[in-house]
Enquirer: 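Please find one structure pasted underneath; my questions will follow.
Indexing begins at 1, ligand by ligand and atom by atom, following the structure's order.
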Amino acid sequence: MKIIVVSTPEKGAEEAFKVFENAHKNGAQVFGLATGSSPIGLYELLVKSDLDFSDRVSVNLDEYVELAGSDPQSYKYFMEEHLFHMKPFKESYLPNGLAEDASAEEARYNKILAANPVDLQLLGIGSNAHIGFNEPGTPFDIQTHKVKLTDETIEANKRFFEREEDVPKYAYSMGLKSIMDAKEIVLVAFGENKAQAVEDMINGPITEDVPASILQKHPNVTVIVDQAAASQLSKEV
Ligand code: GLP
């Protein structure tokens, strides 16, 4: 793992932008994208840049179950608002939160991933070290799946909703195997509430209790953290 410690989230976004720019220049066709507050600075830089994605494909990590793409809390809406409206891709895929048959939706998304192998996958990390919506205890060898969100994740995500009971309880997420299949991965994490998860991911044992720890086995991962998120690191980087 390559670890880059920056002074501010803005500087982190600049580092993540460089990774995207390089991948784009080197011909990356498929970009795995993420939601959450962590990637927003990167998306702003992508929008301002002259990088053209209109001949590239994006696939998103996850989507809430039971939210339509037109719902402002859906990840589809988030992506449109922060990136796709201003920087369109040839094709942009997300799981369909309204799919009635979960196993058919999982199979559909796995087929999309098989047809569009991810060149560069962007990740954030949850405070419990989840990536995508792969919560602690998720098997490492799993592909796209319907996930029951943990109380901790519901608690963390409620800031985006008017009422806690509005926060969806389920989501579709690419699995850990799907994420590990990407040729290159860049993970961004900012703030003190990510510090323990970042330490466990980088220096802890590789265990399904810490979903992000599987990234230690990936040959090409860059982790970009600010000083607060790096504050629990037990080894010098
Ligand atoms: C959500 C998303 C994750 C994201 C995480 C952290 O649970 N499913 O993909 O990494 O939140 O979000 P934030 O960047 O807002 O801290």
Enquirer: What are the two closest non-hydrogen atoms of A228 and E192, and how far apart are they?
Expert: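 The answer is CB-N, 3.6 Å.
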Enquirer: I'd like to know if the side chain of Y109 and the backbone of Y93 have a donor-acceptor N/O pair within less than 3.5 Å.
Expert: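 Yes, Y109 side chain to Y93 backbone: donor-acceptor pair under 3.5 Å.
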Enquirer: Touching ligand 1 at all, R159? Heavy atoms, strictly under 4.0 Å?
Expert: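 Contact check R159 vs ligand 1: positive.
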Enquirer: Quick one: look up the protein heavy atom nearest atom 16 (O) of ligand 1 and list residue, atom name and how far away it is.
Expert: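 Result: K194 NZ, 2.5 Å.
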Enquirer: Provide the number and element of each atom of ligand 1 under 4.0 Å from a heavy atom of S38.
Expert: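 Those qualifying, in numeric order: 13 (P), 14 (O), 16 (O).
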Enquirer: When you measure from atom 2 (C) of ligand 1 to every protein heavy atom, which one gives the shortest distance, and what is it?
Expert: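 Going atom by atom, the protein heavy atom closest to atom 2 (C) of ligand 1 ends up being Y75 OH, 3.7 Å.
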Enquirer: So which heavy atom in the protein is nearest atom 11 (O) of ligand 1, and how far is it from that ligand atom?
Expert: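 Its nearest protein heavy-atom neighbour is H130 NE2, 3.9 Å.
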Enquirer: What part of E135 sits under 4.0 Å from ligand 1 if we count only heavy atoms: the side chain, the backbone, both or neither?
Expert: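 For E135, there is no contact with ligand 1 at all, from either part.
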Enquirer: Have a look at ligand 1 and work out which part of F190, if any, has a heavy atom under 4.0 Å from it: side chain, backbone, both or neither.
Expert: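 No part of F190 is near ligand 1 at this cut-off.
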Enquirer: For ligand 1, note which part of D62 has a heavy atom under 4.0 Å away: side chain, backbone, both or neither.
Expert: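 Looking at D62 and ligand 1, just side chain atoms fall under 4.0 Å.
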Enquirer: Would you tell me whether S234 and E199 have side-chain atoms, one donor and one acceptor, within less than 3.5 Å of each other?
Expert: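 Their side chains do contain a donor-acceptor pair, which is all the 3.5 Å distance test asks for.
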Enquirer: With no hydrogens and no angle check, just 3.5 Å: does a side-chain donor-acceptor pair link E135 and N128?
Expert: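 Judged by distance alone, the side chains do pair up.
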Enquirer: For R108 and P95, indicate whether the former's side chain and the latter's backbone hold a donor-acceptor pair under 3.5 Å.
Expert: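 Pair absent, no side-chain N/O of R108 close to backbone of P95.
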Enquirer: Should G132 be counted as touching ligand 1, given the test is an N or O pair under 3.5 Å?
Expert: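 Checking ligand 1 against G132, an N or O pair does fall under 3.5 Å apart.
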Enquirer: Between E106 and N110, do the side chains contain an N or O donor and an N or O acceptor separated by less than 3.5 Å?
Expert: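 No pair is found: no donor N or O on one side chain lies under 3.5 Å from an acceptor on the other.
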Enquirer: Which other residues belong to the hydrophobic cluster containing Y170, where Ile, Leu, Val, Met, Phe, Trp and Tyr are joined when side-chain heavy atoms lie under 4.5 Å apart, directly or via other members?
Expert: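 Once heavy-atom contacts under 4.5 Å are chained together, Y170 belongs with V65, Y172.
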Enquirer: For atom 12 (O) of ligand 1, which protein heavy atom lies nearest, and how many Å away is it?
Expert: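 The answer is G36 CA, 4.0 Å.
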Enquirer: Can you name the atoms of ligand 1, numbered from 1 with element, that are less than 4.0 Å from a heavy atom of G124?
Expert: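 Near G124, meaning under 4.0 Å from one of its heavy atoms, ligand 1 has 10 (O).
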Enquirer: Answer yes or no: is there a donor N or O on one side and an acceptor on the other, between the side chain of E208 and the main chain of F140, under 3.5 Å?
Expert: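 Such a contact is found between E208 side chain and F140 backbone.
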Enquirer: Is it the case that the side chain of D119 and the backbone of V30 share a donor-acceptor pair, with hydrogens and angles ignored and the cut-off at 3.5 Å?
Expert: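 Present.
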Enquirer: Angle between ring planes, F133 versus H130, binned at 30° and 60°: parallel, tilted or perpendicular?
Expert: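 Tilted, since the angle between the ring planes falls between 30° and 60°.
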Enquirer: With heavy atoms under 4.0 Å as the rule, classify the contact between I131 and ligand 1 as side chain, backbone, both or neither.
Expert: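 It is neither part, as no heavy atom is under 4.0 Å.
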Enquirer: Starting from atom 4 (C) of ligand 1, what is the nearest protein heavy atom, named by residue and atom, and what distance separates them?
Expert: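 Result for atom 4 (C) of ligand 1: T35 O, 4.2 Å.
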Enquirer: Which residue supplies the protein heavy atom nearest to atom 6 (C) of ligand 1, what is that atom called, and how far is it?
Expert: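 For atom 6 (C) of ligand 1, the nearest protein heavy atom is I125 O, 3.5 Å.
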Enquirer: For the 3.5 Å polar cut-off, considering only N or O atoms, please tell me whether S37 and ligand 1 meet it.
Expert: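 Yes: some nitrogen or oxygen of S37 is under 3.5 Å from one in ligand 1.
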Enquirer: Which of the numbered atoms in ligand 1 are below 4.0 angstrom from a heavy atom of N157?
Expert: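 Near N157, meaning under 4.0 Å from one of its heavy atoms, ligand 1 has 7 (O).
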